[in-house]
Number of protein chains: 2
Amino acid sequence: MSLESILNNSNNYQPGLSIDCVIFGFHDNSLKVLLLKPKFSEKWTLPGGFVTVDDSIDVAAVNVLKERTGLTGIFLRQFATFGDINRDEIDFNTKVLEFFKIPKENAKWYLQRFVTIGYYALVDFFETIPSANGKYEIIEWIDLNNIPELILDHNKILNKALENLRLELNSLPIGFNLLPEKFTMTELQKLYETILGRELDRRNFFRKMNSIGILKKLDEKKSNVSHKAPNFYCFDTENYQKVLKDGLNMGW
Amino acid sequence: MSLESILNNSNNYQPGLSIDCVIFGFHDNSLKVLLLKPKFSEKWTLPGGFVTVDDSIDVAAVNVLKERTGLTGIFLRQFATFGDINRDEIDFNTKVLEFFKIPKENAKWYLQRFVTIGYYALVDFFETIPSANGKYEIIEWIDLNNIPELILDHNKILNKALENLRLELNSLPIGFNLLPEKFTMTELQKLYETILGRELDRRNFFRKMNSIGILKKLDEKKSNVSHKAPNFYCFDTENYQKVLKDGLNMGW
DNA sequence: ACAAAAGTGTTTGGCGTACACCCATGA
DNA sequence: TCATGGGTGTACGCCAAACACTTTTGT
């Protein structure tokens with residue numbers, strides 16, 4: 001949705017409220033975040049959007065995700081709402097309007113104080129089709145170890161999302177949305193390690209994961225590796241959903 | 001702040017955004033929540049408020065707490081934001097306007113769709129001075145085991161607050177804000193038990209608490225009990241703050 | 001003396017950590 | 001046959017759960 005069309009229909013949008021999504025993907029054994037670099041800004045931004053007056057905020061977040069990745073039915077969690085008074089969104093939005101040469105008078109809706117609701121998502125890197133919104137921005141997977149300076153409080157939002165993801169790891173199984181259908185135990189371990197930011201014992205991880213009962217060992221091994229061929233696993237969807245619902249208790 | 005004065009200054013208020021606070025207190029060995037019963041409603045409500053355009057949302061929450069309890073410097077945590085489309089706040093707010101005989105035309109600000117940010121607070125029951133807002137409502141401590149039907153999605157908000165409080169119990173020391181200055185170990189245990197909703201072993205709790213190092217044993221015992229006099233304890237403020245900042249890791 | 005709850009000590013089992021060892025595969 | 005990482009077994013130690021026992025107070 002372009003800024004012009006939003007401003008032309010600003011009555012349809014919840015005033016002063018936005019959504020920002022921290023979209024995590026996993027590739028090359030490292031955790032990535034989907035970020036935007038608009039032409040009108042030196043800094044990068046989180047993909048975001050607005051809330052129409054007749055959509056629930058969760059639906060608005062789902063829509064952002066769909067717009068930016070093409071994906072639906074994804075793991076998505078609200079984690080915090082940001083409403084500090086020094087978010088400086090009015091200054092920033094003024095610059096955006098100048099770039100697009102939209103007169104301030106036509107953009108009252110855009111020049112108010114904004115509060116933003118943060119969501120984070122876990123998506124399959126290879127299923128994702130990152131979509132820039134028109135020619136004024138590029139969208140890219142950025143490695144978590146290499147996050148640039150972001151606009152407003154977006155760095156804070158991203159860090160908070162990561163913090164929450166780490167916490168959730170203790171009570172939720174993850175990986176289903178981040179990994180391809182078939183994967184090796186080591187790939188799953190690397191995922192956990194990048195999220196947690198530290199190394200885990202290979203052998204203990206192996207047993208811990210198996211004991212949860214959300215993995216199915218496949219009759220297939222990875223080939224073309226110059227060592228013992230590791231087995232492929234997939235998630236046992238039924239059990240996975242059950243554990244996702246009931247929660248689980250593992251300290252990492 | 002009365003509804004009339006808010007409507008007269010609606011430009012000063014963030015549109016479509018409200019704050020709801022779940023204020024927990026501890027008394028008679030049970031957990032209570034501060035609730036309002038407005039005259040214009042069959043149901044009870046959580047104490048809430050609105051956000052002025054130049055206050056951060058956290059400040060708005062602090063203000064609600066101060067208004068309702070007279071307290072400042074209290075443990076207060078944002079836990080979730082609620083923006084389902086079936087919150088039905090417009091229907092409800094319409095009834096409120098009818099009760100106060102405010103014409104709809106003067107209350108556009110009030111008749112939009114609202115999203116609400118949930119906070120929970122832990123306060124000292126005896127320090128709290130519950131304040132009703134004018135003569136159109138009463139305010140009361142309601143036992144957690146006896147929560148009535150609340151307006152809109154307030155029951156859901158309350159339950160979510162409790163859920164979050166229980167989670168936080170694993171990483172934070174609590175009690176400092178909920179108990180009087182001097183207390184016995186059993187009183188502290190009852191507090192944990194009511195929050196968790198289950199009984200704990202007296203002896204293991206005793207040792208666990210002592211091992212954290214946030215308690216100071218006082219040279220004073222409770223008298224007039226027909227059994228061995230329990231010792232009084234207080235919190236070691238310095239250590240308590242340290243643990244509050246650094247977090248802690250105890251499964252309950 | 002007795003009831004009731006505080007406070008102390010001890011046992012036990014499960015789980016996480018650490019690590020030794022064998023296995024399979026490509027070069 | 002060697003390097004490399006996959007997969008299995010096991011021993012140790014800590015901590016939480018369970019419970020026996022002693023202590024102190026009022027009646």
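Note on naming: letters A, B, ... go to the chains in the order of the sequence lines (proteins, then strands), and numbering restarts at 1 for each one. Since the model is a prediction, treat every value here as computed from it, not as a measurement.
Atoms CE (B:Met209) and C1' (C:dA6) sit 17 Å apart, rounded to a whole Å. What separates CG of A:Asp201 from P of C:dG16 is a distance of 13 Å, to the nearest Å. Here the C1' atom of nucleotide C:dT17 and the CD atom of A:Glu199 are 15 Å apart, to the nearest Å. Taking atom CD of B:Glu220 as the reference point, atom C1' of C:dA6 lies 16 Å away to the nearest angstrom. Whole-Å rounding puts the A:His227 NE2 to D:dG7 P distance at 10 Å. Atom-to-atom, CZ of A:Phe232 to C1' of C:dT25 comes out at 15 Å; the value is rounded to the nearest Å. Across the protein-nucleic acid pair, B:Glu187 atom CD and C:dG7 atom P stand 11 Å apart, rounded to whole Å. Note: CG (B:Leu188) to P (C:dG7) measures 12 Å, nearest angstrom.
With hydrogens and angles left out, the side chain of B:Arg203 and the base of D:dT22 share no donor-acceptor pair within 3.5 Å. For D:dA18, its base sits under 3.5 Å from the side chain of B:Asn204 at one donor and acceptor pair at least. A donor-acceptor contact under 3.5 Å is not formed by the side chain of B:Asn231 with the base of C:dA6. No hydrogens or angles were tested; on distance alone, nothing pairs the side chain of A:Arg207 with the base of D:dG7 as donor and acceptor under 3.5 Å.
Looking at which nucleotide of DNA chain C each of B:Lys217 and A:Lys221 is closest to, the 5′-most match is held by B:Lys217. Each of B:Lys222 and B:Asn249 was matched to the nucleotide of DNA chain D holding its nearest heavy atom; the match closer to the 5' end belongs to B:Asn249.
A pairwise comparison of heavy atoms in B:Asn146 and B:Ile142 identifies O-CG2, 3.5 Å as the closest pair.
At a cut-off of 3.5 Å, with distance as the only test, a side-chain donor of A:Arg207 or A:Asn204 sits close to an acceptor on the other residue.
Proximity of a side-chain donor or acceptor of A:Asp143 to a complementary backbone N or O of A:Asn145 within less than 3.5 Å is detected.
Residue-level contact check: A:Thr186 touches the backbone only, with heavy atoms under 4.0 Å from sugar-phosphate atoms and none from bases. Using a 4.0 Å heavy-atom cutoff across all strands shown, B:Thr184 reaches no nucleic acid atom at all.
For B:Lys228, the side-chain atoms get nearest to C:dA6 when compared with the rest of D:dG7, C:dA6, D:dA18.
Put simply, the residue from B:Glu140, B:Glu149, B:Glu137 that forms a side-chain contact (heavy atoms from CB on, under 4.5 Å) with B:Trp44 is B:Glu140. With A:Thr45 as reference, A:Ile151 is the one residue of A:Leu35, A:Ile151, A:Asp20, A:Leu150 to meet the side-chain contact (heavy atoms from CB on, under 4.5 Å) rule.
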Exercise answer: donor-acceptor pairs, residues 218-236 of chain B side-chain atoms, under 3.5 Å, sequence neighbours excluded:
| from | atom 1 | to | atom 2 | distance (Å) |
| --- | --- | --- | --- | --- |
| B:Glu220 | OE1 | B:Lys182 | NZ | 3.2 |
| B:Glu220 | OE2 | B:Lys182 | NZ | 3.0 |
| B:Lys222 | NZ | B:Glu187 | OE2 | 3.1 |
| B:Asp236 | OD1 | B:Glu238 | N | 3.2 |
| B:Asp236 | OD1 | B:Asn239 | N | 3.2 |

Mind listing the side-chain donor-acceptor pairs of residues 170-181 of chain A below 3.5 Å, one per line with the distance, residues two or more places apart or on another chain?
| from | atom 1 | to | atom 2 | distance (Å) |
| --- | --- | --- | --- | --- |
| A:Asn170 | OD1 | A:Trp252 | N | 3.1 |
| A:Ser171 | OG | A:Glu168 | O | 3.4 |

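Rotation axes derived from the C1' atoms of the five outermost pairs at either end of the helix from C:dA1-D:dT27 to C:dA27-D:dT1 lie 10° apart, to the nearest 10°.
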